[in-house]
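Each residue takes its place number in the sequence, starting with 1.
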Amino acid sequence: MTDCLFCKIIAGQIQGRFVHEDHELVAIRDINPQAPLHLLIIPRRHISTLNDLGPHDDALVGSMVRAASAIAKEHGYADDGYRTVLNCNSAAGQTVFHIHLHLLAGRGLSWPPG
Ligand code: 5GP
Ligand code: ZN
């Protein structure tokens, strides 16, 4: 997608350091962090919202979750705990329409979320 912020970051058209990258995913630091560690785990392939996922994406979504868990562990948050969030559409506050898994860690996170 030419008009997508995350596609541009993944293509290197916008400066940004990847905290993690592999053949199907990248992870970047959120520009407006809500916790000491706030990363976005983003598939390289453009998918606008969770509503656009099909059965052929099951492995990709599994990889996103497993990447979040591995990165949290690398940063020393596996035992204390961390939160992963997937926002879908406006009521949940999705602002970038290329799916991404938030990984938040390093502070107490209240429940229910806002
Ligand atoms: P959403 O609200 O769609 O679930 O999350 C989008 C996230 O992307 C927000 O937390 C926002 O701070 C982050 N974000 C927006 N623009 C940029 C950017 O240019 N670079 C990075 N690294 N994060 C961004
Ligand atoms: Zn995109």
For Pro36 and Tyr77, work out which heavy atoms get closest and say how close. CB-OH, 4.4 Å
Using modelled atom types only, decide if a donor and an acceptor are shared between the side chain of Arg107 and the backbone of Gln34 within a distance under 3.5 Å. yes
Does Val65 belong to the same Ile/Leu/Val/Met/Phe/Trp/Tyr cluster as Leu40, with side-chain heavy atoms less than 4.5 Å apart forming each link? no
How far does CG of Asp30 sit from NE2 of His102, to the nearest 0.5 angstrom? 6.5 Å
Indicate, with yes or no, if Leu104 and Tyr82 share a hydrophobic cluster defined by side-chain heavy-atom contacts under 4.5 Å among Ile, Leu, Val, Met, Phe, Trp and Tyr. no
Atom CD1 of Ile41 and atom CZ of Arg66: how far apart are they, to the nearest 0.5 Å? 12.5 Å
How long is the straight-line distance from CD1 of Ile42 back to CZ of Phe18, given to the nearest 0.5 Å? 8.0 Å
Parallel, tilted or perpendicular: ring planes of His46 versus His98, cut at 30 and 60 degrees: perpendicular
Output, in order, the C-alpha distance, side-chain angles, deciding distance and verdict of side chain to side chain contact (heavy atoms under 4.5 Å, CB included) for Leu101 and Val85. CA-CA 6 Å; Leu101 180 63; Val85 176; 5.8 Å; no
How close do His38 and Pro33 get, counting heavy atoms only, and between which atoms? ND1-CA, 3.6 Å
Is any side-chain heavy atom of Val26 closer than 4.5 Å to a side-chain heavy atom of Arg44? yes
Looking only at side-chain N and O atoms, does His56 offer a donor or acceptor that is under 3.5 Å from a partner on Asp58? no
Side chain Gln13, main chain Lys8, donor-acceptor under 3.5 Å: no
Separation between CZ (Phe97) and CG (Asn89), nearest 0.5 Å, reads 5.5 Å
Under 3.5 Å: donor-acceptor pair, side chain of Arg83, backbone of Ser110: yes
Give the minimum heavy-atom separation between Ala105 and Gly81, together with the two atoms involved. CB-O, 4.3 Å
Nearest heavy-atom contact between Ala68 and Leu103 is O-CD2, 3.7 Å
Are Leu86 and Ile71 linked, directly or through other ILVMFWY residues, by side chains that come within less than 4.5 angstrom of each other? yes
In terms of hydrophobic clustering (I, L, V, M, F, W, Y; side-chain heavy atoms under 4.5 Å; direct or indirect links), are Leu37 and Met64 co-clustered? yes
In Å and rounded to the nearest 0.5 Å, what is the CG to OG distance from Leu53 to Ser48? 10.5 Å
Please check: side-chain N/O of Gln94 versus main-chain N/O of Val96, any donor-acceptor pairing under 3.5 Å? yes
Are any of the side-chain nitrogens in Asp57 or Arg45 under 4.0 Å away from the carboxylate oxygens of its partner? yes
Rounded to the nearest 0.5 Å, how far apart are CG of Asp52 and CG of Leu50? 8.5 Å
Shared hydrophobic cluster for Ile99 and Val19 (ILVMFWY, side-chain gaps under 4.5 Å): yes
